[in-house]
Structures are given as structure tokens and as C-alpha cells.
Colleague: 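Okay, handing you the structure first.
Whatever order the structure lists ligands and atoms in, that order sets their numbers, starting from 1. Residue numbers start at 1 and run along the sequence shown.
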Amino acid sequence: MKQNLILIGFMGAGKTSVGEAYAKASGRPLLDTDQLIEAEAGMSISDIFALQGEPAFRRAETAVLERLLAETDNAVISVGGGLPLLELNRALLKQLGCVVFLRVQPETVLKRLEGDTTRPLLQGEQVEKRVRELLAYRNPLYMEAAHQVADVDGKTPEQLASELAAYDDAKGMEE
Ligand code: S3P
């Protein structure tokens, strides 16, 4: 298995901010699958959803994972909230390194993403209902994909970064 540290979890769980804190603390590079997909497509995730559809975005997620598996080691990798939903992607994630599920409560997601316009799945009416339904469906799949779980509510990115050090085989973190 490779020695990447991979963060999975729902939108608003803090994958990016915790990833940034941990990358800084451990001196390792941070990669983000959403950013890699946007750079390759030359457009935002919202535009990919609108112009090409969600299935095309999901195919791009699998392609990015395969590329990371071929090319990347010793990095901190934050992945889009829906990436672990596909069984194939869960298998690829497990080979890519230590997978940590950042588990978040719906109330925290709603607070953090209030007014957000960048997540196509959370636009429109009845956002709270959708967040609760998506979380109920996805949490068991995140559990299946993960080697470790960290509850994020009420914690700072730095606190969570310290928790991650305990899970990380390749930690270069200064004590
Ligand atoms: C998605 C999560 C988003 C992004 C896309 C779809 C999802 O990433 O990949 O909007 O299906 O949960 P973040 O989890 O980084 O917000």
C-alpha cells in the first residue's frame, strides 16, 4: 500500500481545511481531486455538472484516482464528497494509502455551507432534507471505504491534524 493520507467525507466536513493543516504540519504536499478535475477540464465543478452531467464528473473522479495511484506517494489527498460512493473507487482508495473518514453532523454541514453556490448537489429548495438524506445514505459507504474515522464537530483543523498524525504511517510530523 502506498503511504498517502487520504481524507474522505461529506461536503463541509473540512477535508480541504484539515488537509491544509495536516499538509503544513507534516511538510507533505496537498492534492485535491476536485481541483485536479477542474484544472484538467478547464472549468468549475458547477459547469462540469451543468454542461456534461454528473456521470461525466464521476468518470473524471475515477480517472483522477487511477492517475494518483500510478503517480503519487507520500502526499495528503483530499477527495470530493461523492468519490467514495462507487465500489471501484473505494477499492482504489484503499490501495492509495491510509483513508480517514471525517465524519460530520448535518447541523455542522448546514451551518458551514449556508449560502454556498459552488456545490451543485446542494442548490435549490429543501437543502436540509437533502443533506440529511444524503448523509444517511453515504455514511455507511464512507465507513466501508475508511481505515479510520475522526469526528469533526467542534474541532479546529489543527486539532484534527494532530489526530491524523496518529493514523499516518508515513508521518514526517515534527513532534
Ligand atoms: C460532491 C462534493 C464536492 C464536489 C461535487 C460533488 C458530492 O466536493 O466533488 O460538488 O457529491 O458530495 P467537496 O466534498 O469537496 O465539497
Colleague: Check this for me, if you would: do Arg132 and Glu128 make a salt bridge, where the nitrogen-to-carboxylate-oxygen distance has to be below 4.0 angstrom?
Modeller: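 Looking at Glu128 together with Arg132, the answer is yes, because their closest N to O distance falls below 4.0 Å.
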
Colleague: Spell out, yes or no, whether Val149 and Val104 are grouped together once hydrophobic residues are joined by side-chain heavy atoms under 4.5 Å, including indirect joins.
Modeller: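 As far as the 4.5 Å side-chain criterion goes, Val104 and Val149 are connected within one cluster.
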
Colleague: How long is the straight-line distance from OG1 of Thr108 back to CZ of Arg103, given to the nearest 0.5 Å?
Modeller: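 The distance works out to 12.5 Å.
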
Colleague: List, pair by pair, the atoms of ligand 1 and of the protein that are both N or O and lie under 3.5 Å apart, giving the separation rounded to 0.1 Å.
Modeller:
| unit_1 | atom_1 | unit_2 | atom_2 | d |
| --- | --- | --- | --- | --- |
| ligand 1 | 8 (O) | Asp34 | OD2 | 2.8 |
| ligand 1 | 9 (O) | Asp34 | OD1 | 2.8 |
| ligand 1 | 9 (O) | Asp34 | OD2 | 3.3 |
| ligand 1 | 11 (O) | Arg58 | NH2 | 2.7 |
| ligand 1 | 11 (O) | Gly82 | N | 3.4 |
| ligand 1 | 11 (O) | Arg138 | NH2 | 2.9 |
| ligand 1 | 12 (O) | Gly82 | N | 3.3 |
| ligand 1 | 12 (O) | Arg138 | NH1 | 2.6 |
| ligand 1 | 12 (O) | Arg138 | NH2 | 3.4 |
| ligand 1 | 14 (O) | Lys15 | NZ | 2.7 |
| ligand 1 | 14 (O) | Gly81 | N | 2.9 |
| ligand 1 | 15 (O) | Asp34 | OD2 | 3.1 |
| ligand 1 | 16 (O) | Arg119 | NE | 2.8 |
| ligand 1 | 16 (O) | Arg119 | NH2 | 3.2 |

Colleague: How about Val99 and Tyr142: do any of their side-chain heavy atoms sit closer than 4.5 Å?
Modeller: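 SC-SC contact between Val99 and Tyr142 ruled out.
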
Colleague: Report, one line per pair, each donor and acceptor closer than 3.5 Å where one atom sits in a side chain of residues 6-13; sequence neighbours left out.
Modeller:
none

Colleague: Could you tell me which non-hydrogen atom of Leu83 sits nearest to which non-hydrogen atom of Arg58, and how far apart they are?
Modeller: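 In terms of heavy atoms, the two residues are closest at N-NH1, 3.9 Å.
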
